[in-house]
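Scroll down for the structure; my scribbles are underneath it.
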There are 2 protein chains.
Amino acid sequence: MRSTPVRKALLKILSKDQAPLSAFDILAKLHAQKLLANKTTVYRQLDSLEKQGLIHTVRLSDRSVRYELAGKDDHHHHLVCVKCNDVKDVDFENHLSRQEKNIEKSKKFKILRHSMEFFGLCFNCQ
Amino acid sequence: MRSTPVRKALLKILSKDQAPLSAFDILAKLHAQKLLANKTTVYRQLDSLEKQGLIHTVRLSDRSVRYELAGKDDHHHHLVCVKCNDVKDVDFENHLSRQEKNIEKSKKFKILRHSMEFFGLCFNCQ
DNA sequence: TTTATTAATGCAACAAAGTTGCAAATCATA
DNA sequence: TATGATTTGCAACTTTGTTGCATTAATAAA
Ligand SMILES: [Mn+2]
Ligand SMILES: [Mn+2]
Ligand SMILES: [Zn+2]
Ligand SMILES: [Zn+2]
């Protein structure tokens, strides 16, 4: 794993932004700072950073894909504003893990992971 | 809204299958019964049926999109088997609606809709 | 410091899943 | 059956990535 300009810039961009960014956003931000990376490179770096556990891929059910820096309290869910597209974190684990046990028993289904998102209007957009 | 062969066959296919189907699945099933419809037609019919409220589009966070017949007890969530791709319904509303109120208050976010899926192993695949 | 090694990059082509414009076919009804 | 609005097929296009391959560049070895 080498330390290249794209890799460094990419991590910096993700660490500055609190909301997860799309690959397109990231590419635009790189170009804005005169780092004219190719989209293939960006996708490959995102893959690589994900495999290293430095970032997480956020796949929302509206089919958009975004990337966020991995934190310590890792697993969480998102509030997605349908007007301005802002994304905020929200925690829900306690409530979910209790219910998952019920589901596993009643449905005879072994849950490995879940996804949950809330789509609506952020404070500014209401 | 006309009653065309594709439209009729499409509704019949969706009513036979309990698990939601992808556009590709549907196209394959149409072709299997010698109805050689074009993919554009299938997508347009799915759009139209969705607008009529006869079917629902299920957008999973793994980015797959499936279609299911609209029922009376409409809103629900899904258990998705990561091995055989089977999808089963699961209800979770009571638990969620209580928590959503907390979120709306504490995060000042107006929730319009949510999505939740559980990915794991169905009984047969465990 | 120079060289060698291997990862990272750019580019073009490809791919899956849809979408759109337009002309041709078909359904419904008068 | 003639008419007119819908539906359909087809080709081209879009978005979001992915892949092969030749070139460049970071780093470790000499
Ligand atoms: Mn997050
Ligand atoms: Mn369902
Ligand atoms: Zn907003
Ligand atoms: Zn299964």
Side-chain angles (χ1 to χ4, degrees), chain A residues 1-14 19-68 80 82 85 87 115 117, chain B residues 1-14 19-68 80 82 85 87 115 117:
Chain A
M1 192 98 302
R2 292 176 185 174
S3 170
T4 64
V6 175
R7 189 184 192 79
K8 279 184 281 185
L10 216 154
L11 281 171
K12 198 170 187 180
I13 286 169
L14 286 179
L21 298 170
S22 70
F24 186 88
D25 290 340
I26 292 168
L27 196 57
K29 278 174 190 282
L30 287 172
H31 282 224
Q33 61 186 63
K34 306 283 182 235
L35 213 174
L36 307 178
N38 188 273
K39 67 170 180 167
T40 312
T41 304
V42 170
Y43 280 115
R44 287 200 275 230
Q45 279 296 344
L46 288 170
D47 273 4
S48 155
L49 289 168
E50 163 100 72
K51 269 175 199 133
Q52 303 290 306
L54 295 176
I55 67 171
H56 286 305
T57 305
V58 180
R59 296 172 181 277
L60 300 177
S61 69
D62 63 2
R63 311 207 72 197
S64 66
V65 179
R66 297 157 184 246
Y67 304 87
E68 66 183 358
V80 184
V82 297
N85 277 313
V87 177
S115 84
E117 305 123 37
Chain B
M1 191 98 302
R2 291 178 187 171
S3 169
T4 63
V6 174
R7 188 184 192 79
K8 279 184 280 184
L10 217 154
L11 281 170
K12 197 169 188 178
I13 286 169
L14 286 178
L21 299 169
S22 70
F24 185 88
D25 289 341
I26 292 168
L27 197 57
K29 279 175 190 282
L30 286 173
H31 281 225
Q33 62 185 63
K34 307 282 182 236
L35 213 174
L36 306 178
N38 188 272
K39 68 171 178 168
T40 311
T41 303
V42 170
Y43 281 116
R44 287 200 274 230
Q45 279 298 342
L46 289 170
D47 273 4
S48 155
L49 288 168
E50 164 99 71
K51 268 173 200 134
Q52 303 290 307
L54 295 176
I55 66 170
H56 286 306
T57 306
V58 180
R59 297 172 181 276
L60 301 177
S61 71
D62 64 2
R63 312 206 72 199
S64 66
V65 178
R66 298 157 186 245
Y67 304 87
E68 66 182 1
V80 184
V82 297
N85 277 312
V87 177
S115 83
E117 305 123 36

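Residue numbering restarts at 1 for every chain, and letters A, B, ... go by the order of the sequence lines. The basis for the numbers below is simple: all heavy atoms, side chains too, and nothing from hydrogens, waters or symmetry mates.
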Problem - Heavy-atom side-chain contact between B:Leu11 and B:Leu49 under 4.5 Å - result: yes
Once you round it to whole Å, what is the distance between [atom2] of [N] and [atom1] of [X]?
X       : N      : atom1 : atom2 : value
B:Leu27 : D:dG9  : CG    : P     : 10 Å
B:Leu49 : D:dT6  : CG    : C1'   : 14 Å
A:Asp25 : D:dT16 : CG    : C1'   : 13 Å
B:Lys51 : D:dT7  : NZ    : P     : 11 Å
B:Leu36 : D:dT7  : CG    : C1'   : 17 Å
A:Leu21 : D:dT16 : CG    : P     : 15 Å

Completion exercise
Of A:Arg7 and B:Met1, the one whose closest nucleotide on DNA chain C sits nearer the 5' end is A:Arg7
Completion exercise
Of D:dA26, D:dG20, D:dG17, the nucleotide closest to the side chain of A:Tyr67 is D:dG17
Quick one: pull up [atom1] in [X] and [atom2] in [Y] and give me the separation to the nearest 0.5 Å.
X       : Y       : atom1 : atom2 : value
B:Ile13 : B:Leu30 : CD1   : CG    : 4.0 Å
B:Leu14 : B:Tyr67 : CG    : OH    : 10.0 Å
B:His56 : B:Leu46 : NE2   : CG    : 13.5 Å
B:Gln45 : B:Gln52 : CD    : CD    : 9.5 Å

Practice task
Answer with base, sugar-phosphate or nothing: what part of the nucleic acid does B:Thr4 contact at a heavy-atom distance below 4.0 Å?
Solution key: sugar-phosphate
Practice task
Using distance alone, with no hydrogens and no angle criterion, decide if A:Ser22 and A:Asp25 have a side-chain donor and acceptor under 3.5 Å apart.
Solution key: yes
Practice task
Answer with yes or no whether the side chains of A:Arg66 and A:Thr57 bring together a donor and an acceptor at under 3.5 Å.
Solution key: no
Exercise for the section: Tell whether B:Arg2 reaches the base of D:dT7 with its side chain through a donor-acceptor pair below 3.5 angstrom. Expected result: no
Practice task
Could you tell me whether a side-chain N or O of A:Glu68 sits under 3.5 Å from a main-chain N or O of A:Ile55, the two making a donor and an acceptor?
Solution key: no
Problem - Flag, side chain of A:Arg59 to backbone of B:Asp62, donor-acceptor distance under 3.5 Å - result: no
Handout entry: Nearest non-hydrogen partners of A:Glu117 and B:Ser61, listed with the distance
Key = OE2-CB, 4.0 Å
Problem - Residue whose closest nucleotide on DNA chain D lies nearer the 5' end, A:Thr40 versus A:Ser3 - result: A:Thr40
Handout entry: Sole candidate of A:Val42, A:Asp47, A:Thr40 that passes side-chain contact (heavy atoms from CB on, under 4.5 Å) when paired with A:Arg44
Key = A:Thr40
Exercise for the section: Determine to 10° how strongly the helix from C:dT1-D:dA30 to C:dA30-D:dT1 is bent, judged from the axes of its five-pair ends. Expected result: 20°
Exercise for the section: Using chain A heavy atoms and a threshold of under 4.0 Å, write down where along DNA chain C the contacts begin and end, 5' to 3'. Expected result: C:dT6 to C:dG18
Practice task
Mind running a 4.0 Å heavy-atom check of residues 41-48 of chain A against DNA chain D and sending the residues that fall below it, in number order?
Solution key: A:Tyr43, A:Arg44
